[in-house]
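Numbering of residues begins at 1 and proceeds along the displayed sequence.
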Amino acid sequence: MITYVSKRLLSLFVSLAVASLIIFAVVEIAPGDPASFMLGVNARPDTVAALKSELGLDVPAFQRYLAWVAGMVQGDFGTSYTYRSPVQQMVLDRLWISLPLALYALALSCLIAFPAGVLAAARRGQLRDTIVTGATQIGVAIPNFWFAMLLVFVFAIKLAWFPAGGFPGWENPVAAMKALTLPAIALALPQAAILTRVMRSALIDILGEDFIRTARAKGLTAGQALWRHGLRNALIPVLTIIGLQFSFLIAGGIIIEQVFYLPGLGRLIFQAITQRDLIVVESVVMLLVFAVIIINFLVDLAYAWVDPRLRRRT
């Protein structure tokens with residue numbers, strides 16, 4: 001297990017280093033100069049040069065990359081060019097929206113996918129299985145931003161059950177959860193469809209194993225064998241997918257936050273891109289990549305812990 005963890009840690013650090021290089025390079029080659037953008041097209045060259053010097057944009061790119069990485073290692077993500085406030089505080093303020101939204105969407109996804117996947121596997125080839133499988137195909141095919149607009153039209157505009165957008169803050173938890181409900185549903189639908197298909201496939205594979213037939217031969221009904229022995233063994237690949245989905249929900253809610261006008265990390269990135277606030281874009285994207293890599297690392301460890309064969313193959 002120590003060897004396995006060491007290899008995964010090495011892979012983690014290499015992934016972070018490569019990701020930081022790619023993020024910095026992509027942001028740097030994007031057209032548009034932040035200083036010129038902030039001052040406007042009619043700004044004098046000496047004024048632009050002075051602002052570049054103030055923002056630290058007049059030094060070579062490689063030096064700026066090293067300073068950026070060194071700052072992140074020490075917990076300093078720099079200062080926003082536009083708002084002149086620490087990026088770290090801006091991220092923390094918006095994390096209290098994006099993180100609960102991701103957890104809410106993941107919980108809804110699991111609540112939908114687990115019973116649907118079990119039902120489809122238990123009734124394989126029957127009408128219920130066909131209905132669940134067809135519904136998952138629709139869920140995967142529907143773009144979440146289109147589904148988000150449909151939810152707004154039906155439940156916010158027509159029925160007025162939920163707000164159409166915005167976030168009132170956590171001072172009123174009930175209002176805050178109502179504001180996150182429609183975005184969470186929009187994010188959860190495609191993830192629930194994927195998780196249902198994985199759950200169904202894993203259960204069908206497990207139900208064909210010898211130990212299930214042995215349990216049936218000892219007198220257990222099909223349902224008892226499924227719940228007592230099949231479900232627990234089928235959870236290994238399902239938990240892996242859940243970890244990957246949580247990574248996506250944290251990093252992939254940019255469009256949904258725009259649709260519902262939520263001041264989360266996704267909207268922060270979108271605003272920073274439009275304002276050419278490079279340090280905010282680089283730092284927030286790097287934090288999201290770091291979260292994805294860490295979650296995948298923890299999933300790998302959990303998977304290896306419950307399945308010793310994976311450690312022996314690595």
Minimum heavy-atom distance Ala186-Leu151, with the two atoms named = N-CD1, 3.8 Å

Hey, does Asp93 have a side-chain heavy atom less than 4.5 Å from the side chain of Leu268?
-> no

So how far is it from Gln271 CD to Gln258 CD, rounded to the nearest 0.5 Å?
-> 7.0 Å

Are Leu249 and Phe147 connected, step by step, through hydrophobic side chains (Ile, Leu, Val, Met, Phe, Trp, Tyr) whose heavy atoms are closer than 4.5 Å?
-> yes

Between CZ of Arg200 and CG of Asp129, what distance do you get to the nearest 0.5 Å?
-> 4.0 Å

Short question: side chain of Ser201, backbone of Val198 - any donor-acceptor pair under 3.5 Å?
-> no

Could I get the full list of side chain to side chain contact (heavy atoms under 4.5 Å, CB included) partners for Trp161, not counting sequence neighbours?
-> Phe155, Leu159

Cluster overlap Phe270 with Phe167, hydrophobic side-chain contacts below 4.5 Å = no

Any residue meeting ring-ring contact (aromatic ring centres under 6.0 Å, His included) with Phe162, in chain and number order, not counting sequence neighbours = none

Report yes if the side chains of Met199 and Val118 come closer than 4.5 Å at any heavy-atom pair, otherwise no.
-> yes

Nonpolar side-chain network containing Leu111, other nodes, edges under 4.5 Å = none

Are Trp96 and Tyr104 joined in one hydrophobic group, where the rule is that I, L, V, M, F, W and Y side chains link up if heavy atoms are under 4.5 Å apart?
-> yes

Pro115 to Cys110 - nearest heavy-atom pair and separation | CD-O, 4.0 Å

Criterion side-chain contact (heavy atoms from CB on, under 4.5 Å) on Asn144 and Val259, from CA distance to verdict = CA-CA 10 Å; Asn144 57 10; Val259 172; over 6 Å; no

Test item: Ser98 side-chain N/O and Leu95 main-chain N/O as donor-acceptor pair under 3.5 Å | no

Considering all heavy atoms, the nearest Thr196-Gly117 contact = CG2-N, 3.7 Å

Verify, without hydrogens or angle tests, whether Glu257 (side chain) and Gly266 (backbone) share a donor-acceptor contact under 3.5 angstrom.
-> yes

To the nearest 0.5 Å, what is the distance between CZ (Phe260) and CD1 (Ile97)?
-> 14.0 Å

How many angstroms lie between atom CG of Leu106 and atom CD1 of Ile242, to the nearest 0.5 angstrom?
-> 6.5 Å

Could you tell me whether Tyr65 atom OH has more than 12 heavy atoms of other residues or ligands within 6.0 Å of it?
-> yes

Say whether Leu180 and Tyr261 are linked into one hydrophobic cluster, either directly or through other cluster members, by side-chain heavy-atom distances under 4.5 angstrom.
-> no

One should read off an interatomic distance between Met286 CE and Ile23 CD1, to the nearest 0.5 angstrom, of 5.0 Å

Report the distance from atom CG of Leu103 to atom CG of Leu108, rounding to the nearest 0.5 Å.
-> 11.0 Å

Check whether Met177 and Val152 end up in the same hydrophobic cluster, where Ile, Leu, Val, Met, Phe, Trp and Tyr are linked by side-chain heavy atoms less than 4.5 Å apart.
-> yes

Least distance between heavy atoms, Ala176 atom then Gly169 atom | CB-O, 3.5 Å

Measure across Leu101 and Pro183 and return the closest heavy-atom pair with its distance rounded to 0.1 Å.
-> CD1-CB, 3.7 Å

Applied to residues 175-186, the salt bridge (Lys or Arg N to Asp or Glu O under 4.0 Å) test, sequence neighbours excluded, yields none

Donor-acceptor under 3.5 Å (Arg94 side chain, Met90 main chain) | yes

side-chain contact (heavy atoms from CB on, under 4.5 Å), paired with Phe77, selected from Ile279, Val91, Leu287 | Leu287

Quick one: side chain to side chain contact (heavy atoms under 4.5 Å, CB included) partners of Ile269, sequence neighbours excluded?
-> Ile254, Ile273, Val284, Val285, Leu288

Arg64: what forms a salt bridge (Lys or Arg N to Asp or Glu O under 4.0 Å) with it, not counting sequence neighbours?
-> Glu28

Any side-chain heavy-atom pair of Leu195 and Phe114 under 4.5 Å = yes

Looking only at heavy atoms, what is the nearest atom pair of Ser283 and Trp68, with distance?
-> OG-NE1, 3.3 Å

